[in-house]
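Whatever order the structure lists them in is the order used to number ligands and atoms, beginning at 1.
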Amino acid sequence: MGEKMKVAIIGGTGDQGIGLALRFLISGEEVFIGSRDIKKAENTVETIKEILKEDKVDNLTAMTNQDASSQGDIVVLTVPLQAQVATLTTIKANLENKIMVDATVPLDSCLSGSSIRYVDLWEGSAAERSAEMLKDKNVSVVSAFNNISSGALIKIEEDVECDCLISGDDSKAKEMTMELAEKIPGVRAIDCGALENARIVEKITPLLINLNIRNKSRKVGIRVTQI
Ligand SMILES: NC(=O)c1ccc[n+]([C@@H]2O[C@H](COP(=O)([O-])OP(=O)(O)OC[C@H]3O[C@@H](n4cnc5c(N)ncnc54)[C@H](OP(=O)(O)O)[C@@H]3O)[C@@H](O)[C@H]2O)c1
């Protein structure tokens, strides 16, 4: 078993942040829930404690995004696209030499459009956009968790039956992220190569949202076979 990780979740008050926090707490990691508003982070911590029924909650702390990013060894960004740049601007100084895992998906709903359509970004993907913003801080940006639905993560009594497609240019950072992803029961981490592949992976998510709608599910995921 690997060492306990200190995981900061930026925008940890949303569905994806809460889902990941639950799974990482259950696997014994230390989790910092980040928010722009400490009260909101504290309320989320209370919600998580109710779900976990006080079990495994000693390693859980509410923080501002700034404090969470400075405390975490691995910092997971779970904010909508329209908040990505503004949020990174507020935590950038704390990310120097760290691993920043980007779960952002460029959905058209971020431009008041449809959640089953993606939007093209100049940089190629949300993760590459983060990497460009953070390039003067020696941050290892990894793209992960984009295709794992919060609906599956939050159902803690069930395994999450899907693969986690992971892209990044720093192999050590990618390995650590793969280790973190595989702490979620049912999840298999797949190394998808360089960060530029995030532009393919992020585009799968609107399809999964579409399949959720068409199949009245909240848990649709993706499995790669025969590798
Ligand atoms: N939900 C899913 O099933 C899922 C699955 C895969 C990938 N993702 C991706 O993961 C990211 C988070 O998803 P989510 O559903 O958890 O999002 P969300 O609930 O809409 O937002 C997450 C958090 O981001 C912060 N935020 C929201 N709007 C903001 C703004 N305009 N400026 C600054 N901060 C803002 C808020 O935190 P505070 O108010 O506390 O600061 C909010 O609680 C998205 O990029 C999404 O595409 C989601």
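The shortest contact between atom 22 (C) of ligand 1 and any protein heavy atom is with Thr78 O, 3.4 Å. Counting only heavy atoms of the protein, atom 4 (C) of ligand 1 lies nearest to Gln16 OE1, 3.3 Å. Lys40 NZ, 2.6 Å is the protein heavy atom nearest to atom 39 (O) of ligand 1. Nearest protein heavy-atom contact of atom 9 (C) of ligand 1 is Ala103 O, 3.3 Å. Here the heavy atom of the protein found nearest to atom 33 (C) of ligand 1 is Arg36 NH1, 3.1 Å. Here the heavy atom of the protein found nearest to atom 19 (O) of ligand 1 is Gly14 CA, 3.4 Å. In terms of protein heavy-atom proximity, atom 37 (O) of ligand 1 is closest to Thr13 OG1, 3.1 Å.
Distances between N or O atoms of Ile148 and those of ligand 1 include no value under 3.5 Å. Ligand 1 has no N or O atom lying under 3.5 Å from any N or O atom of Thr104, backbone or side chain.
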I would like to know whether Met5 and Asp73 meet side-chain contact (heavy atoms from CB on, under 4.5 Å); could you show each step before the answer? CA-CA 7 Å; Met5 296 186 192; Asp73 295 332; 5.9 Å; no

Please step through side-chain contact (heavy atoms from CB on, under 4.5 Å) for the pair Glu30 and Val7, ending with a clear verdict. CA-CA 6 Å; Glu30 184 160 9; Val7 187; over 6 Å; no

Show your reasoning for whether salt bridge (charged side-chain N to carboxylate O under 4.0 Å, His left out) applies to Lys219 and Glu158. CA-CA 11 Å; Lys219 299 189 293 183; Glu158 294 175 11; 2.8 Å; yes

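Within the listing of ligand 1, atoms 16 (O), 19 (O) sit less than 4.0 angstrom from a heavy atom of Asp15. The ligand atoms of ligand 1 that sit less than 4.0 angstrom from a heavy atom of Ser150 are 1 (N), 2 (C), 3 (O). Per-residue contacts place Val105 under 4.0 angstrom from the following atoms of ligand 1 (heavy atoms of the residue considered): 7 (C), 45 (O), 47 (O). Taking every heavy atom of Ser35 and a limit of under 4.0 angstrom, the matching atoms of ligand 1 come to 38 (P), 40 (O), 41 (O). Against a heavy-atom cut-off of under 4.0 Å, Val79 is close to the following atoms of ligand 1: 11 (C), 12 (C), 24 (O), 44 (C), 45 (O). Proximity to Phe145 (heavy-atom distance under 4.0 Å) selects the following atoms of ligand 1: 6 (C), 7 (C).
Looking at heavy atoms from C-beta onward, Ile156 lies in side-chain contact with Leu52 at the 4.5 angstrom threshold.
In the displayed structure, Arg214 atom CZ is contacted under 6.0 Å by at most 12 heavy atoms of other residues, nucleotides or ligands. More than 12 heavy atoms of other residues, nucleotides or ligands lie within 6.0 Å of CD in Glu157, so this atom counts as buried by the packing criterion. More than 12 non-hydrogen atoms from other residues, nucleotides or ligands lie less than 6.0 angstrom from CZ of Phe24.
If you chain together ILVMFWY residues whose side-chain heavy atoms come under 4.5 Å of each other, Phe32 ends up grouped with Met63.
Asp191 pairs by the side chain to side chain donor-acceptor pair (under 3.5 Å) definition with Lys174, not counting sequence neighbours.
When Pro206, Pro80, Gly11, Ala83 are checked for heavy-atom proximity to atom 17 (O) of ligand 1, Pro80 turns out nearest.
Note on ligand 1: Asn146 sits in its first shell, one or more heavy atoms being nearer than 4.0 Å. The shortest separation from a heavy atom of Ala86 to ligand 1 is not under 4.0 Å, leaving the residue out of contact.
Linking Ile, Leu, Val, Met, Phe, Trp and Tyr residues whenever their side-chain heavy atoms come within less than 4.5 Å leaves Val141 and Met176 in two separate clusters.
Judged by distance alone, the side chain of Asp67 and the main-chain N or O of Thr64 form no donor-acceptor pair under 3.5 Å.
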